[in-house]
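Below: one structure, written as structure tokens.
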Amino acid sequence: TGSSRPQRMLKAVQKNATKGDPKSVISAIDSYCRHKEWAMNVGDDKGLILDSVLTEVNPSTALELGTYCGYSSVRIARLLSPDSKLITIEFNPAFAIIARQIIAYAGLQDKVTLVEGASGDLIPKMKEQFGIKSFDFVFLDHWKDRYVPDTKLLEDCGLLKKGTVLLADNVICPGAPEYLQYVRNNPRYESRYYPSNLEYTKVEDGLEKSVFLG
Ligand SMILES: O=C(NCCCCCn1ccc2cnccc21)c1cc(-c2ccc(F)cc2)cc(O)c1O
Ligand SMILES: [Mg+2]
């Protein structure tokens with residue numbers, strides 16, 4: 001049996017990036033996925049929007065739903081302040097194995113906790129298992145039909161506080177229409193759409209930033 005796309009992505013990082021240098025890891029993945037084979041990382045265009053929102057929020061505790069190979073985990077963790085932490089949830093063990101290696105190659109393993117499992121099961125355990133009071137920032141990039149139920153779950157578990165920023169990938173492609181409906185028509189959120197394009201393509205996509213008002 002041959003290698004998988006995530007395995008080939010890891011090889012490209014090990015070949016083209018410098019150990020301990022997050023920027024070179026990001027560039028190696030973007031170059032590989034733009035020129036060799038497409039993969040569902042948030043990518044460089046939407047990545048710039050992610051960077052700017054992160055710099056504005058400067059979260060102490062961040063949550064990512066949907067690690068995949070760790071590209072956005074590296075993008076997020078590299079911008080966190082010294083004592084800040086990222087918890088990232090990945091459902092697929094094969095993806096998690098690769099993501100751990102890419103996050104470690106970037107030298108960010110001390111800032112990132114990768115947890116394997118389903119968001120619906122893990123979110124209610126966040127407080128007790130990880131001592132989380134609430135999240136300052138949530139990046140939604142997992143199953144698009146889980147964006148709404150998991151946002152409601154985060155609310156119900158008291159994991160959002162006044163000012164928490166939710167940033168959702170793929171609200172146009174593949175699309176998360178129910179999520180857009182939910183956050184845009186909900187008085188408890190202040191939402192804004194950031195137009196961009198689907199990673200490594202000219203197809204329209206974008207990020208929705210929603211501030212929880214408490
Ligand atoms: O499907 C996408 N991502 C989700 C992958 C599976 C997540 C599973 N998962 C992870 C954590 C977790 C926790 N609980 C439950 C489930 C969980 C995705 C797809 C596209 C895309 C694909 C084809 C195309 F033609 C155009 C666009 C682009 C993206 O940027 C994407 O993000
Ligand atoms: Mg995505």
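The analysis underlying the following values was restricted to heavy atoms, covering all of them including side chains, and did not include hydrogens, waters or symmetry mates.
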*asked:* Taking ring pair (Phe, Tyr, Trp, His ring centres under 6.0 Å) as the cut-off, I'd like each qualifying pair that reaches into residues 55-87, sequence neighbours left out, listed once.
replied: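 Qualifying pairs: Y68-F95.
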
*Sorted by first residue and then second, give each ring pair (Phe, Tyr, Trp, His ring centres under 6.0 Å) pair with at least one member in residues 116-137; sequence neighbours left out.*
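Residue pairs with at least one partner in residues 116-137: there are none.
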
Might you point out which heavy atoms bring [X] and [Y] nearest each other, and give the distance in Å?
X    : Y    : value
P82  : K111 : O-NZ, 3.1 Å
A39  : E199 : O-CG, 3.7 Å
P59  : D136 : CB-CB, 3.7 Å
P124 : S119 : CD-O, 4.2 Å

Measure the shortest side-chain to side-chain distance between [X] and [Y] over non-hydrogen atoms and say whether it is less than 4.5 angstrom.
X    : Y    : value
R188 : E155 : yes
C157 : M126 : no
L140 : T151 : yes
L86  : S73  : yes
C69  : L10  : no
N41  : C33  : yes
S196 : L207 : no
I26  : R78  : yes

*Any pair with a residue in residues 91-108 that passes salt bridge (charged side-chain N to carboxylate O under 4.0 Å, His left out), sequence neighbours left out, goes on the list, sorted by first then second residue, please.*
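Passing the test, one end in residues 91-108: R100-E116.
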
*Connected hydrophobic set around W143, excluding itself, where side chains approach under 4.5 Å*: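 Grouped by the 4.5 Å side-chain rule, F91 form the rest of the cluster around W143.
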
Just verifying a value: how many Å separate [X] [atom1] and [Y] [atom2], rounded to the nearest 0.5 Å?
X    : Y    : atom1 : atom2 : answer
N186 : L213 : CG    : CG    : 8.5 Å
I172 : N197 : CD1   : CG    : 12.0 Å
Y200 : I29  : OH    : CD1   : 7.0 Å
L80  : N58  : CG    : CG    : 8.0 Å

*Show your reasoning for whether side chain to side chain contact (heavy atoms under 4.5 Å, CB included) applies to H142 and Y147.*
CA-CA 8 Å; H142 60 330; Y147 284 17; 3.6 Å; yes

Same cluster or not: are [X] and [Y] linked, directly or through other Ile, Leu, Val, Met, Phe, Trp or Tyr residues, by side-chain heavy atoms under 4.5 angstrom apart?
X    : Y    : answer
Y193 : L54  : no
L167 : V148 : no
V115 : L153 : yes
F139 : I123 : no
V13  : L108 : yes

Sequence neighbours excluded, which residues qualify as salt bridge (charged side-chain N to carboxylate O under 4.0 Å, His left out) partners of [X]?
X    : answer
D145 : none
E208 : R184
D44  : R34
K209 : E56

*Decide if atom CD of E37 counts as having more than 12 heavy atoms of other residues, nucleotides or ligands within a radius under 6.0 Å.*
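Yes - once you tally the heavy atoms of other residues, nucleotides and ligands closer than 6.0 Å, there are more than 12.
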
_I'd like to know whether CG of D83 has more than 12 heavy-atom contacts from other residues, nucleotides or ligands below 6.0 angstrom._
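It does not: D83 CG has 12 such atoms or fewer within range.
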
Indicate yes or no for a side-chain donor-acceptor contact from [X] to the backbone of [Y] under 3.5 Å, with no hydrogens or angles considered.
X    : Y    : answer
S210 : L166 : no
E90  : A96  : no
K11  : P6   : no

Name every donor-acceptor pair, under 3.5 Å, that has one atom in a side chain of residues 173-180 and the other anywhere in the protein, sequence neighbours excluded.
none

*asked:* Pair N16, Y32 - check side chain to side chain contact (heavy atoms under 4.5 Å, CB included), show working.
replied: CA-CA 9 Å; N16 303 310; Y32 182 76; 6.0 Å; no

_Going by side chain to side chain contact (heavy atoms under 4.5 Å, CB included), L65 matches just one of L122, D141, I89. Which one?_
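Passing option: I89.
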
_L63 and side chain to side chain contact (heavy atoms under 4.5 Å, CB included): which single residue from L154, T88, L159 fits?_
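The option that passes is L154.
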
*Could you list all the side-chain hydrogen bond (donor to acceptor under 3.5 Å, both in side chains) pairs where at least one residue sits in residues 121-134, not counting sequence neighbours?*
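Residue pairs with at least one partner in residues 121-134: there are none.
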
*asked:* Can you pull out every side-chain hydrogen bond (donor to acceptor under 3.5 Å, both in side chains) where at least one residue sits in residues 163-175? Sequence neighbours excluded, please.
replied: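 Only K46-D169, K144-N170, N170-D205 qualify under side-chain hydrogen bond (donor to acceptor under 3.5 Å, both in side chains).
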
*Any residue meeting side-chain hydrogen bond (donor to acceptor under 3.5 Å, both in side chains) with S4, in chain and number order, not counting sequence neighbours*: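 If we apply the side-chain hydrogen bond (donor to acceptor under 3.5 Å, both in side chains) test to S4, skipping adjacent residues, the hits are Q7.
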
_Working for side chain to side chain contact (heavy atoms under 4.5 Å, CB included), residues L48 and R75_ = CA-CA 9 Å; L48 288 173; R75 278 206 90 110; 4.1 Å; yes

